[in-house]
S.K.: 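My questions will all concern the structure given below.
All chains are named by letter (A, B, ...) in the order of the sequence lines, taking the proteins before the strands, and each is independently numbered beginning at 1.
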Number of protein chains: 2
Amino acid sequence: MGRPTMEDVARRAGVSRALVSLVMRGSPKVSERRRAAVLRAAQELGYSPHAMARSLASRTSTVLGVMVSDLHNPFFAEVVDGLDEVARNQGFDLIISTGSRSPARERRALGSLLSFRPAGVALLGTVVSAADIATAAQQQPVVLVARSSRLSTVDTVNDDGEAGSEVAVDHLVSLGHKRIAHLDGGSGSQAALRRRGYDRAMRRHGLDPVVVRSEYTDVAGARAVRELLADSEDDLPTALVAANDYNAVGALAALAEAGLRVPEDVSLVGYDNTSLAGLRHLSLTTVDQPRSEMGRLAGEALLQRVRGERAEPVRHLLHPSLVVRGTTAPR
Amino acid sequence: MGRPTMEDVARRAGVSRALVSLVMRGSPKVSERRRAAVLRAAQELGYSPHAMARSLASRTSTVLGVMVSDLHNPFFAEVVDGLDEVARNQGFDLIISTGSRSPARERRALGSLLSFRPAGVALLGTVVSAADIATAAQQQPVVLVARSSRLSTVDTVNDDGEAGSEVAVDHLVSLGHKRIAHLDGGSGSQAALRRRGYDRAMRRHGLDPVVVRSEYTDVAGARAVRELLADSEDDLPTALVAANDYNAVGALAALAEAGLRVPEDVSLVGYDNTSLAGLRHLSLTTVDQPRSEMGRLAGEALLQRVRGERAEPVRHLLHPSLVVRGTTAPR
DNA sequence: GAGCTCTGTTAGAGCGCTCTACTGATGAGA
DNA sequence: TCTCATCAGTAGAGCGCTCTAACAGAGCTC
């Protein structure tokens, strides 16, 4: 009983275990006759190799560990998709962990991910400490998406969040807006950068920055708008730059709830250009990040390191561009 | 060089390898003195157990394999979330594969998932053949979500798709609609059931069923509506029952593009009650499926089997309920 | 003080594979 | 005819761990 092993196949095919191993790995140095015999025996027994045993013996791994900050945010689902594509094409499997945007929980999740000794690790928008990242990077290649790092041992795939926010503000200013608030990403990854870009652009235009503390979720976006409405008397902002699309969606709901029309009363810009933004009924003006492309780039960077083709860090810095849709209008 | 092993820790702590193993597994039969010594040594070396080696030696696994039909559909992201919660709480990790809604690709993906000898497998909305499922179920527990099966060896978590569609149709009929078309889920999982429910309800009301072949994606939903508009002259349906929310979103876009207002000109009902439907600006009337709850139920069913607590199949059949929002209105 | 249980510890086999080093044919080249 | 490659195949160690059985030593009982 139990599943058949290589031993069973070998016995049935009348060959050694080593020969079965060679056949399973598609080695060319096996005669056609034996190969056929082995394959037939395997077929009859319903044998398929045990990936973990293989990995242990060969001291290699075909697993990539992926830690996602939040699976509900379509941004990450789309990045994972690109990563998955590259990985699968090169014979790697993904083991996925979600950290729920808490450094402590992400730390635990990362630990459990590493206990599988993956060939490489991709951290998508995570907030684990830089120290934890450094430690992890000593064990196997690490690539960060939507999170920057100065570590020379990790690769990164990011857009220029500062420039992205600036473009958003410039767009609003060009429409005549002056009171432009930012719903920020709090302690989320890349949030500081986007905040800085917003700040800089505002000052450049001689405007007063107003930052409302928020988070990368729809719930937080709605809450931030409610706070903003409660706090500001009649000096209500005429435009909002949200932390990301997911946050903007919440903001949109809260604005509607307060009887404010978008874009007639308030203009709104998101960030990421997720599938959400493209929904015709949201039609969110947003800053584009090429999500699956970023996933593919991350996968490729990781696999290059895994194969030992490169040791110097790679820093993909994508240039953000504004996608103007229906949530922004002249003042 | 290379990562430290149990051997290294044992040597450093001046104990046997077996003792280190006991400490790592939290055995009570270790003296405090030794336990402290081992933990310190492990700490100093930065040791953490090798999950795969452990799994191989103990002939047990702490991974659950998950195959998701489509990560872009928020329905699955939400189910995975519930599953992840249960799994993590009980010390299991998820290894995730996406099949891209093609039986052949899903078959391959399933094979690679099984090669890790997971403790159990969850198939979310997949379209692999029943035979493949049966084979897989011989190796380890299998739970199906959003897909039914008569196999006594697999557990299932579903809603009553037939009843769900009926409720949707009843709602539309009660609003005075007579020409109600169904954008179906094609060969997607549970699609036949939903189609049958639609059909039955229509006949019960003495109405003519009109089924437009579609799929569980937004792109397909949009295409189906365009076809529908092209084919029907002036006998245009006044209401649509979409395969699921994701499909409905596409339909919504295509309707808008054709200058048709929802719900003034056409009413629309989705299915799943994903986060998409709840978006204030979509405000999609839809049939509710409790997604994370379904994920949790699936996780629990799977783990019960994994622990050998149960051998008889469990069939969770959730009762669908209609969530009326803004996309449906009287004729 | 011999036998007993109980507690803490260890040796060593073995999980299912890979990989190195080796063997025994076969055929080419001198 | 005798090397000497070359090719197809195998034996056996070992990957990092768990688990069984066995074993000291302490503390009992009689």
Side-chain angles (χ1 to χ4, degrees), chain A residues 1-39 41-42 45-63 91 112 114-119 139-140, chain B residues 1-39 41-42 45-63 91 112 114-119 139-140:
Chain A
M1 106 126 271
R3 297 188 54 160
T5 73
M6 209 164 243
E7 192 71 52
D8 302 324
V9 177
R11 203 172 310 120
R12 178 161 197 132
V15 300
S16 71
R17 205 177 60 250
L19 210 246
V20 177
S21 173
L22 289 175
V23 171
M24 287 303 149
R25 285 175 291 152
S27 161
K29 44 178 73 178
V30 175
S31 68
E32 267 322 310
R33 204 169 58 84
R34 305 281 194 161
R35 179 188 311 281
V38 167
L39 290 177
L45 292 173
Y47 170 82
S48 85
H50 187 310
M52 292 197 180
R54 170 177 281 181
S55 167
L56 187 62
S58 64
R59 268 141 288 184
T60 61
S61 165
T62 60
V63 193
S112 123
L114 294 186
S115 75
F116 286 92
R117 305 293 189 268
Q139 332 257 31
Q140 74 288 300
Chain B
M1 118 116 264
R3 297 189 55 162
T5 73
M6 210 164 243
E7 193 71 52
D8 302 324
V9 177
R11 203 172 310 118
R12 178 159 196 136
V15 300
S16 70
R17 202 177 64 252
L19 213 242
V20 177
S21 172
L22 290 174
V23 171
M24 287 303 150
R25 285 174 290 151
S27 162
K29 43 177 75 180
V30 176
S31 67
E32 267 321 309
R33 205 168 60 83
R34 305 280 195 165
R35 179 189 310 281
V38 167
L39 290 177
L45 292 173
Y47 170 81
S48 85
H50 187 310
M52 292 197 180
R54 170 176 281 181
S55 167
L56 187 61
S58 64
R59 269 139 287 182
T60 60
S61 165
T62 60
V63 238
S112 126
L114 294 186
S115 74
F116 286 92
R117 305 292 187 268
Q139 332 255 30
Q140 74 288 297

S.K.: How close or far is atom P of D:dG16 from atom CG of A:L114, stated in whole angstroms?
M.R.: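 In whole Å, D:dG16 P and A:L114 CG are 16 Å from each other.
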
S.K.: Is there a side-chain contact between B:R35 and B:P28, using heavy atoms and a 4.5 Å cut-off?
M.R.: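 They are not in contact (no side-chain heavy atoms under 4.5 Å apart), so the answer is no.
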
S.K.: Tell me: OH of A:Y47 to C1' of C:dG16, nearest whole Å?
M.R.: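 Interatomic distance, OH of A:Y47 to C1' of C:dG16: 7 Å.
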
S.K.: Counting side-chain heavy atoms from C-beta on, which of C:dT9, D:dG16, D:dG12 comes nearest to A:R17?
M.R.: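 Nucleotide nearest to A:R17's side chain: D:dG12.
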
S.K.: Given D:dC15, C:dG16, C:dT18, which nucleotide is nearest the side-chain atoms of A:R25?
M.R.: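 For the A:R25 side chain, the nearest candidate turns out to be C:dT18.
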
S.K.: Tell me which nucleotide among C:dC17, D:dT18, D:dA8 gets nearest to the side chain of A:A53.
M.R.: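 Out of C:dC17, D:dT18, D:dA8, the nucleotide with an atom closest to A:A53's side chain is C:dC17.
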
S.K.: Give the rounded distance in Å between these two atoms: CZ of B:R54 and C1' of C:dG16.
M.R.: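 The distance from CZ of B:R54 to C1' of C:dG16 comes to 18 Å, rounded to the nearest Å.
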
S.K.: Reading DNA chain C from 5' onward, which residue's closest nucleotide shows up sooner: B:G14 or A:A57?
M.R.: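 Its nearest nucleotide being more 5', the pick is B:G14.
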
S.K.: What nucleotide among D:dC19, D:dG16, C:dT9 has an atom nearest to a side-chain atom of B:T5?
M.R.: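 From the listed options, D:dG16 comes nearest.
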
S.K.: Does a side-chain N or O of B:S21 approach OP1 or OP2 of D:dC19 to a distance below 4.0 Å, or not?
M.R.: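 So the side-chain polar atoms of B:S21 never come under 4.0 Å of the phosphate oxygens OP1 or OP2 of D:dC19.
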
S.K.: Whole Å only: how far is the CE atom of B:M52 from the P atom of D:dT18?
M.R.: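 Roughly 15 Å, once rounded to whole Å.
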
S.K.: Send over the distance from A:L19 CG to C:dG16 C1', rounded to a whole Å.
M.R.: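 So the CG-C1' distance, A:L19 to C:dG16, works out to 17 Å.
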
S.K.: Expressed as a whole number of angstroms, how long is the span from B:R59:CZ to C:dA13:P?
M.R.: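 It is 15 Å, rounded to the nearest whole Å.
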
S.K.: Mind calculating the distance between CD (B:E7) and C1' (C:dT10) to the nearest angstrom?
M.R.: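 B:E7 atom CD is separated from C:dT10 atom C1' by 12 Å.
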
S.K.: What I'd like to find out is whether the side chain of B:L56 reaches to under 4.5 Å of the side chain of B:R117, using heavy atoms alone.
M.R.: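 Of all side-chain heavy-atom pairs linking B:R117 with B:L56, none is under 4.5 Å.
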
S.K.: What nucleotide, of C:dT9, D:dC17, D:dA8, holds the atom closest to the side chain of B:R34?
M.R.: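 So the nucleotide nearest the side chain must be C:dT9.
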
S.K.: Closest nucleotide of DNA chain C for B:L22 versus for B:L56: which of these residues is on the 5' side?
M.R.: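 Its nearest nucleotide lies further toward 5', so the answer is B:L22.
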
S.K.: Could you check which of C:dT18, C:dT10, D:dG9 has an atom nearest any side-chain atom of B:S16?
M.R.: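 Ranking C:dT18, C:dT10, D:dG9 by closest atom to the B:S16 side chain puts C:dT10 first.
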
S.K.: Counting only N and O atoms by type, is there a donor-acceptor contact under 3.5 Å from the side chain of B:S115 to the main-chain atoms of A:H50?
M.R.: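 Pair absent, no side-chain N/O of B:S115 close to backbone of A:H50.
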
S.K.: Consider the side chain of A:V15, meaning its heavy atoms from C-beta on, and name the nucleotide among D:dC17, D:dC19, D:dT10 that approaches it most closely.
M.R.: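 For the A:V15 side chain, the nearest candidate turns out to be D:dT10.
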
S.K.: Has B:S58 got a side-chain N or O lying under 4.0 Å from the OP1 or OP2 atom of C:dC15?
M.R.: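 For B:S58, the contact criterion (side-chain N or O under 4.0 Å from OP1 or OP2 of C:dC15) is not met.
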
S.K.: For A:S21 and A:R17, does a side-chain donor sit closer than 3.5 Å to a side-chain acceptor?
M.R.: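 On atom types as modelled, these side chains do not qualify, holding no pair under 3.5 Å.
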
S.K.: Do you know which two heavy atoms are closest between A:A13 and A:A37, and how far apart they sit?
M.R.: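 Residues A:A13 and A:A37, closest heavy atoms: CB-O, 3.9 Å.
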
S.K.: To the nearest Å, how far apart are A:H50 NE2 and C:dG14 P?
M.R.: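 Roughly 18 Å, once rounded to whole Å.
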
